[in-house]
Amino acid sequence: MTTRNMNFLLKVVIATLCMGSSFPTGKYLISYENMPPFLMGGWRFMAAGIFMLLIPVFTRGVQAIIPTSEGSVAKGLLLTAVVGASRA
């Protein structure tokens, strides 16, 4: 088996473990800890977002997550705010 195939297999196993553990965890938190389902979903969404944000920071540096437009950070932030506000 090549390194590329092993890398893919490892990613599939990790994804399966993460997705497979969400049902029993959710069942426990909703049933025994009386956690509201939407609160639990919100926390999972935030945790996943932070995790996905950290991946490019560790692989390509902080500059990879700073929005830019035509080389300008100010334009990039403004564009991000306008697009975010128009979707709300």
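Since we're looking at a predicted model, the values are computed, not measured. Atoms considered below: every heavy atom in the structure, side chains included; atoms not considered: hydrogens, waters and symmetry mates.
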note = Here the pair of heavy atoms bringing R44 nearest to S22 is NH2-CB, 3.5 Å
task = Looking only at non-hydrogen atoms, find the nearest pair between E70 and K75 and report the distance.
result = OE1-NZ, 3.0 Å
Same cluster (ILVMFWY, side-chain, under 4.5 Å), F51 and L53 = no
query = Do L79 and L77 sit in the same hydrophobic cluster, where Ile, Leu, Val, Met, Phe, Trp and Tyr count as joined when their side-chain heavy atoms come under 4.5 Å apart?
reply = no
message = Tell me whether F45 shares a hydrophobic cluster with I30, the cluster being built from Ile, Leu, Val, Met, Phe, Trp, Tyr side chains joined at under 4.5 Å.
response = no
key: Value rounded to 0.5 Å, distance of OG1 in T3 from CZ in F8   = 15.0 Å
query = Distance from L54 atom CG to I65 atom CD1, nearest 0.5 Å?
reply = 8.0 Å
inquiry  = Please report the interatomic distance CG(L9) to CD1(I14), rounded to the nearest 0.5 Å.
reply    = 10.0 Å
Common cluster, M40/Y32, ILVMFWY with side-chain heavy-atom separation under 4.5 Å = yes
query = With distance as the sole test, does S31 use its side chain to make a donor-acceptor pair with the main-chain N or O of Y28 at under 3.5 Å?
reply = no
